[in-house]
Visitor: 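For reference, the structure I am asking about is given below.
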Amino acid sequence: MKPSNAKGTRDYSALQVAKRYYIFDTLKSIFSKYGFCPIETPAVEKLSTLTGKYGEEGDQLLFKVLNNGDFLKSVKDEDLQNRDYKKMTHDMSSRGLRYDLTVPFARYVSQHQSEIQFPFKRYQIQPVWRGDRPQKGRYQEFYQCDVDVVGSDSLMYEAELVRILDEGFRALQIPIVIKLNNRKVLNGIAEVAGVQDQFTDMTVAIDKLDKIGQEGVEKELTKRNIAPDSITKIFELLSIKELPKLKEALGSSEVGLKGIDELETVFNYINLQPIESTVELDYTLARGLNYYTGCIFEVKAVGVEMGSISGGGRYDDLTSAFGLKNISGVGISFGADRIFDVLEELNKFPSRIEKSTKVLLIAMDDKSHLFAYKSLHYFREANISADLYPEPAKMKKQMKYANNKNIPFVIIIGESEMETGMLMLKNMETGMQVQSTLGEIIRKLS
RNA sequence: GUGGUUGUAGCUCAGUUGGUUAGAGCGCCUGAUUGUGGUUCAGGAGGUCGUCGGUUCGAGACCGAUCUUCCACCCCA
C-alpha cells in the first residue's frame, strides 16, 4: 500500500512546523499585548451547535462524525428505503468537526457566562475542518488564529482589531490592504434600491465586482432576478466614494445611516494613531458567513495571488442561539495556512528558523566519542542547542550531516584534542577553524 | 456540490500508433581522499508504473471503478 494523506490534509515536517510556530508565536505575542487570553475548545461539537450558523452552503461542508456503536439502530426503515440521506444523517450522526472557531466560541461564552468577566477578549489558535474541494490555499483541515471580543458593542474594538491586523502583518512582513465595510450599509443600499428581499443575492453578486467587473455583476444580478431599475440604483450608490455623499444618498434608510455612522466612528478611532497598512472602504465587500451584522473586514496580501488571508466582522446575535441574549461580539481570523503559503511565496520567513541546532560535535574514535558526549552536557547546560553524531563515523559523513542540517558550527574532537583540551571549532559558513578550550567555545557560542 | 486535470525511483520529470530486461537529472550509498562539508571524477543501490478490476497473445500506455493532486465554478481562511 502506498501511503498518502487524506484529501485536503497535509503533514507538517520539522521545518514546516518551525515556520508555523513562527507565525503562531508572532501573532500570539501581539494578541496578548492587546489583552487577549487564549482558550481552546474541542475539535468535535454537537451538530446542533454547528448547523444553521453558516448558511446552507456552510452546513453542507460540515464534517459529520458517525455515532458510535450501532449507528443504524435509530435510522427509520422508511428513510433508508428512500435513501433520504439528510434524515438519515440526523439519526446516525449527532456530532461534527468544527467549521470555524467563532461558533464554538459563542457556545463557550454562553455556557460559561457566569465565569466570564465581560467584555471578554480571547484568542484561539486551532484547526478547523471543511469538506471543500481542495485547491491552492484551500484545505480540508487548516488552522485559524481568531481574536474576538464579546460583551461590548463599542466600535473601539473594531479599530483595535484593525490595529492588530496592521501590527500582525507588519511583524510578519506581509504588505496588506485591509478592506472595511458595514453590513448595515449594504442593508441600506438594498433598501434604497428596493431589493431587501434579495439581500443575499445582491451581496453575493456585488462581492465579485473586482473579479468579474461591472458587466459581470450586472449579468449576475439579472440572473438572480433583480429588476433593471434596482441594478442601476445599486451601481449608482456603489459609485459614491465619500462617506458624507453616501450618507445623503442613503437618507431614506435608517439602517444604512446607522452603518455609515459606525464606519465614521471606526475611522475616527483608527485615525487617532497613524497606521501603516492601507485601510480602504469597500462597499462591495460582503463576506459569506451570514452571522455578521455590522462592520466586516477582509485582508488581502499585496502582490500575491491568494484569496483573503484574514477576515472577520461584528456579530450581534450569535450567542442568542445558545440562550445568551444581547451580547455583541466582534472578531477576526488569521488564516494561518494561507499566511504560510504567502510567506513562502514572498520568501519572508526569517533564516534563523532553518537553524535549529547551533553546534554539532564530531568525534573521531570511541574514546573521543565518550569525551564528546560528556562535553555535550555543558553546551546544553549553557542553553546552546547542541548535538553529537551518534557514532564516531567517518569525518566526511559527519561533516556532511552538519552541512545538510544547516548546523552553523562543528567541533572536532580526536585524540590530540582530548590530550591538549584544545578543541577544534569550525565555522561551517566561512570554513574557518580555531582551537579553543571548551569554556572559551561555550562563551563564544552563547 | 458541478465540470475538468494529475499520479512512473526519495524529489522533478521523459517513456513514440499497446510489443523484449521501464529511462534521465538531482538526491542517496561507496571509493579517489584511514582528521575536514558545500566543487570534481569513478562506481553502486533504488520502481509489483496510485489501487482494484476489465479488454488483449501481450498493458506504464486502452476501458471502468476508486483514492490522491491541481484547476475553474460555488464558496471561503
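A, B, ... follow the sequence lines: proteins, then strands. Residue 1 opens every chain. None of the values given here were measured: they were computed from a predicted structure. Values reported hereafter were calculated over all heavy atoms of this structure, with side chains retained and with hydrogens, waters and symmetry mates removed.
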Visitor: Would you please confirm or rule out a distance under 4.0 Å between OP1 or OP2 of B:G37 and any side-chain N or O of A:Q398?
Guide: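 Result: no.
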
Visitor: Does atom CD of A:E415 have more than 12 heavy-atom neighbours, drawn from other residues, nucleotides or ligands, at distances under 6.0 Å?
Guide: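 No, CD of A:E415 has 12 or fewer neighbouring heavy atoms, counting only those of other groups under 6.0 Å.
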
Visitor: Ignoring the backbone of A:R133, work out which of B:U36, B:G3, B:G37 is nearest its side chain.
Guide: B:G3

Visitor: Taking only the side-chain nitrogens and oxygens of A:K211, find out if one of them lies under 4.0 Å from OP1 or OP2 of B:C73.
Guide: yes

Visitor: With a 4.0 Å cut-off on heavy atoms, is A:E415 in touch with a base, just the backbone sugar-phosphate, or nothing at all?
Guide: base

Visitor: Name the nucleic acid region contacted by A:G55, choosing base, sugar-phosphate or nothing; use a 4.0 angstrom heavy-atom cut-off, strictly under.
Guide: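 Nothing, no nucleic acid heavy atom in range.
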
Visitor: For RNA chain B, which residues of residues 19-42 of chain A approach it to below 4.0 angstrom with any heavy atom?
Guide: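 The stretch gives none, as no residue of it lies under 4.0 Å from the strand.
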
Visitor: With the side chain of A:M424 defined as its heavy atoms from C-beta on, choose the nearest nucleotide among B:G35, B:G37, B:C75.
Guide: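 Ranking B:G35, B:G37, B:C75 by closest atom to the A:M424 side chain puts B:G35 first.
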
Visitor: Quick test of the criterion, 5.5 Å between centres and less than 30° between planes. Is A:F142 stacked on B:A77 or not?
Guide: yes

Visitor: Could you give the distance separating B:G38 and B:G27 at their C1' atoms, to the nearest angstrom?
Guide: 14 Å

Visitor: Using OP1 and OP2 only, check whether a side-chain N or O of A:K394 sits under 4.0 Å from B:G31.
Guide: yes

Visitor: Measure from the side-chain heavy atoms of A:R338 and tell me the nearest of B:C76, B:C75, B:U36.
Guide: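 Nearest nucleotide to the side chain: B:C76.
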
Visitor: Classify the nucleic acid contact of A:Q144 as base, sugar-phosphate or nothing, counting any heavy atom under 4.0 Å across all strands shown.
Guide: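 Sugar-phosphate, backbone atoms only, no base.
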
Visitor: Is the phosphate of B:A77 approached by A:K300 (side-chain N or O, under 4.0 Å from OP1 or OP2)?
Guide: no

Visitor: Can you tell me, in whole Å, how much space there is between the C1' of B:A22 and that of B:A32?
Guide: 32 Å

Visitor: With a 3.5 Å limit on both atom pairs, tell me what B:C11 is paired to, counting Watson-Crick and G-U wobble, or say none.
Guide: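 Its partner is B:G25 (Watson-Crick or G-U wobble, both distances under 3.5 Å).
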
Visitor: Spell out protein contact along nucleotides 40-47 of chain B as letters: B when the base is contacted, S when just the sugar-phosphate is, - when no protein heavy atom is under 4.0 Å; keep the 5' to 3' order.
Guide: --------

Visitor: Looking at A:K444, I'd like to know if its NZ atom is crowded, meaning that more than 12 non-hydrogen atoms belonging to other residues, nucleotides or ligands lie closer than 6.0 Å.
Guide: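 Enclosed.
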
Visitor: Testing the basics here: between A:A301 and A:V342, what is the closest heavy-atom pair and its distance to 0.1 Å?
Guide: CB-CG1, 4.1 Å

Visitor: From the options B:G37, B:A77, B:U69, select the nucleotide whose nearest atom is closest to the side chain of A:N403.
Guide: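 Minimum distance to the A:N403 side chain belongs to B:G37.
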
Visitor: Please check the phosphate of B:C28 (OP1 and OP2 only) for any side-chain N or O of A:N404 closer than 4.0 Å.
Guide: yes

Visitor: With a non-hydrogen cut-off below 4.0 angstrom, is A:V204 in contact with a base, only sugar-phosphate, or nothing?
Guide: sugar-phosphate

Visitor: Using a heavy-atom cut-off of 4.0 Å across all strands, would you classify A:Q433 as base, sugar-phosphate, or nothing?
Guide: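 Contact class for A:Q433: base.
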
Visitor: Ignoring backbone atoms, test whether A:K405 places a side-chain nitrogen or oxygen under 4.0 Å from the OP1 or OP2 oxygen of B:G37.
Guide: no

Visitor: Listed by chain and number, what are the side-chain hydrogen bond (donor to acceptor under 3.5 Å, both in side chains) partners of A:E191, not counting sequence neighbours?
Guide: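 Checked A:E191 against side-chain hydrogen bond (donor to acceptor under 3.5 Å, both in side chains); matches are A:S253.
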
